[in-house]
A.B. asks: 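Have a look at the structure that comes next, please.
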2 protein chains.
Amino acid sequence: MTTDTPARLLQLLSLLQTPREWPGGELSDRLGVSRRTVRRDIDRLRELGYPVQASKGSDGGYRLVAGKALPPLVLDDEEAVAIAVGLRAGAGHAVEGLDEASVRALAKLEQVLPSRLRRRVSTLQAATTPLTSGDGAVIAPETLTVMASAVAGQERLRFAYRSKDGTPTKRLTEPHRLVSTGRRWYLVAYDLDRADWRTFRVDRVADPFATGARFAPRELPTGDAAEYLRRSMYVRQEAYEFEATFAAPAAYVAARVPAWLGTPEPLGEDSCRIRSSVGDAVEWLAVRLASVDCEFTVQEPAELVQRVRELGARLSRAAADN
Amino acid sequence: MTTDTPARLLQLLSLLQTPREWPGGELSDRLGVSRRTVRRDIDRLRELGYPVQASKGSDGGYRLVAGKALPPLVLDDEEAVAIAVGLRAGAGHAVEGLDEASVRALAKLEQVLPSRLRRRVSTLQAATTPLTSGDGAVIAPETLTVMASAVAGQERLRFAYRSKDGTPTKRLTEPHRLVSTGRRWYLVAYDLDRADWRTFRVDRVADPFATGARFAPRELPTGDAAEYLRRSMYVRQEAYEFEATFAAPAAYVAARVPAWLGTPEPLGEDSCRIRSSVGDAVEWLAVRLASVDCEFTVQEPAELVQRVRELGARLSRAAADN
DNA sequence: GACCATTAGGACACGATCTGACCTAATGGG
DNA sequence: CCCATTAGGTCAGATCGTGTCCTAATGGTC
């Protein structure tokens, strides 16, 4: 009665998202309108493109099914927190090509997340393994979401940056795009003080802050942000070539190794090899190989071999002592 | 013009969820109504509880900020896929107390996920490390979501179950609740053939299928599903006690170990100890300890010590060969 | 087969609501 | 100071939504 039609439609949408059948009578009770109006509302939703499936007969009812477009998701508190925590935990090591969308979704969610839920998210998140790039470079999820919002909103971004040799600087930028390379995050931005394009490693960024000042997007000289990043990476030669052989079928190994690490090529029935290039996360790679749970050998690089040897010795000490 | 008011409100809500400022003029253009109507719509949203912040002056505009309640999330395709993949990946090892909500959110999302996106999700998900309970027991995310839907919709659930000694059986149940114990998933359900309550390990379930037949919820004899599970677990005595000492500050270790594994207690400036009980995931625990990246020793149980020793020897071989 | 539940939708009348076109006021930035 | 923005009042007319009647069709159960 007092609630108007649009509000009722939203409420109806949220009810229908519960995975169960709703008889018209129950809906009309909940919404406080007549059955006829409920039918009309369902019609309206259908016209809007949300496919409401109806089953006739006794214990029939309405139910929202998969359609062409995704309806607005109506989440309860716990579900929202679960998604936020899940995305934060996964933000660093998500599937290739999906991490940017993941951060965008997180930014969208956190933009409207009530503060009480925000507190719960950060408490729970503290209980999880922190977001590390593999070699201990920790990225706060807030950093990523603030940056993603600034990119989307075309707002200038101010932050502190620790350059490669460790000297701290302050930057004022026009953020262009956030790019992830499997394990590391980069910001491609126009540096206003230096009057040129730069790429920044996100794990070296501190206290990012959207100034609120809008800017008109510039044309990136190379065209694509990912390609621009690849070029500037290429100059720095950040990759190691590595090679490891496993005494197990390729499928077995593939299932236990993240895809961006490379695809195992079969060397026979019970043996396969991965050769690929990887960033400088040699420490982390050793542990990852150990978790495959089969015999293996490492060929290159020397650093990795050395690291595996050390880890083996450490484990032997751990078991021998006491 | 042709779109009616509720549709326009939903559209407006989706526009405002982009993290940027929207001037009234642009909104009125996009929505195809007059500026005055946009103002009125904004008013309506505010009355519905969605806090729309407005900034005056040139380049001011509207923006949706965090309020008391969570507005319906309007996601684009990529964001939806990112969330689905993220939740699937995290469903097995989510933070304690959040996994059930996480699965619920996933079920809600997948219920309305268009089929083209569903395909993308499963492709991408295949590229990720599969969902394992730590000791190789793999759970398909579909299994969890089908079960969650059946629980929520009070529909009977039919599935194949591999009992402890490996014999396959078929079950017809009234699913009551899905419970996660940090690393393993259980379904508490009323088994119709056996006419009694049972708990099922989800990793032993195959081909779950909601029959569509509704049922009236029964009273669980013990009251709480989690408590019921705990009792039937207690009988089976599934836990090992373990103890490990690290040559690093407690904070350092805490940051590199999942919280459910236990909290490190400081033993001095540069040393700490974790003692806790854990399921039967000894193989996996050894790798996890190795990833802490500091010297450590393992005291108990004997299986874990043995496992660490083996892993050390394997790594030494891996580095020595070639 | 009969019966009962459900969804589906037409017709109509009354009232509520929505919209656009005018106003004026207030505010922030350059 | 000027220009952009948001904010809101008022009014007339059209539009829309609602509840109360109908009737039809369908699926399950006894």
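Chain letters run A, B, ... following the sequence lines, proteins first, then strands; residues in each count from 1.
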A.B. asks: Between atom CD1 in B/Ile42 and atom P in D/dA7, what is the gap in whole Å?
C.D. replies: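 Going from CD1 in B/Ile42 over to P in D/dA7 covers 8 Å.
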A.B. asks: Measuring to OP1 and OP2 of C/dG20, would you say a side-chain N or O of B/Thr37 lies under 4.0 angstrom away?
C.D. replies: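 Checking B/Thr37 against C/dG20: at least one side-chain N or O falls below 4.0 Å of OP1 or OP2.
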A.B. asks: What is the distance, to the nearest angstrom, from the CZ atom on A/Arg46 to the P atom on C/dT7?
C.D. replies: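 So the two atoms are 10 Å apart, to the nearest Å.
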A.B. asks: In whole angstrom, what separates B/Gln53's CD from D/dA7's P?
C.D. replies: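 My rounded result for the distance is 10 Å.
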A.B. asks: Taking atom types as they are modelled, would you say the side chain of B/Arg35 forms a donor-acceptor pair with the base of C/dG20 within the 3.5 Å cutoff?
C.D. replies: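 For B/Arg35, whose side chain was compared with the base of C/dG20, there is no donor-acceptor pair (under 3.5 Å).
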A.B. asks: Tell me the interatomic distance from B/Leu45, atom CG, to D/dA7, atom P, rounded to whole angstroms.
C.D. replies: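 About 12 Å, once rounded to whole Å.
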A.B. asks: Is there a side-chain polar atom (N or O) of B/Thr5 under 4.0 Å from OP1 or OP2 of C/dT19?
C.D. replies: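 So the side-chain polar atoms of B/Thr5 do come within 4.0 Å of the phosphate oxygens OP1 or OP2 of C/dT19, strictly under.
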A.B. asks: Would you compute the distance between atom CZ of A/Arg162 and atom OG1 of A/Thr169 and round it to the nearest 0.5 angstrom?
C.D. replies: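 Between A/Arg162 CZ and A/Thr169 OG1, I get 10.5 Å after rounding to 0.5 Å.
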A.B. asks: Quick one: on DNA chain C, does A/Arg40 or A/Tyr62 contact a more 5' nucleotide (nearest heavy atom)?
C.D. replies: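 The residue whose closest nucleotide sits nearer the 5' end is A/Tyr62.
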A.B. asks: Are A/Asp196 and A/Arg194 within salt-bridge range, i.e. N to O under 4.0 Å?
C.D. replies: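 A/Arg194 and A/Asp196: not salt-bridged.
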A.B. asks: Please report the closest heavy-atom contact between A/Pro72 and B/Pro72, naming both atoms and the distance.
C.D. replies: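 Heavy-atom minimum between the residues: CB-CB, 3.7 Å.
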A.B. asks: To the nearest Å, how far apart are B/Leu9 CG and D/dC16 P?
C.D. replies: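 Atom-to-atom, B/Leu9 to D/dC16, this comes out as 15 Å.
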A.B. asks: Taking atom C1' of D/dA24 as reference, at what distance in whole Å does atom CZ of A/Arg36 sit?
C.D. replies: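 Whole-Å distance recorded here is 13 Å.
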A.B. asks: Just to verify, what does B/Trp197 make a ring-ring contact (aromatic ring centres under 6.0 Å, His included) with, not counting sequence neighbours?
C.D. replies: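 With sequence neighbours excluded, B/Trp197 shows a ring-ring contact (aromatic ring centres under 6.0 Å, His included) to B/His176, B/Tyr190, given in chain and number order.
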A.B. asks: Taking CD from B/Glu47 and C1' from D/dG8, how many angstroms apart are they, rounded to a whole number?
C.D. replies: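 Result: 13 Å.
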A.B. asks: Side chain of A/Ser34 only, please: which of D/dG17, D/dG19, C/dG9 is the nearest?
C.D. replies: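 Per side-chain heavy atoms of A/Ser34, the pick is D/dG19.
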A.B. asks: Pick the nucleotide of DNA chain C nearest each of A/Gly24 and B/Asp41; which residue has the one closer to the 5' end?
C.D. replies: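 Nearest nucleotide further toward 5': that of A/Gly24.
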A.B. asks: Find the distance B/Glu26:CD to D/dA4:C1' and express it as a whole number of Å.
C.D. replies: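 In whole Å, D/dA4 C1' and B/Glu26 CD are 15 Å from each other.
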A.B. asks: Are the side chains of B/Thr145 and B/Leu109 in touch, meaning some heavy atoms are under 4.5 Å apart?
C.D. replies: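 A side-chain contact is absent here, since even the closest heavy-atom pair is not under 4.5 Å.
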A.B. asks: When you get a sec, tell me which of C/dA26, D/dT10, C/dC18 is the closest nucleotide to the side chain of B/Arg8?
C.D. replies: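 Looking only at heavy atoms from C-beta outward on B/Arg8, the closest nucleotide is C/dC18.
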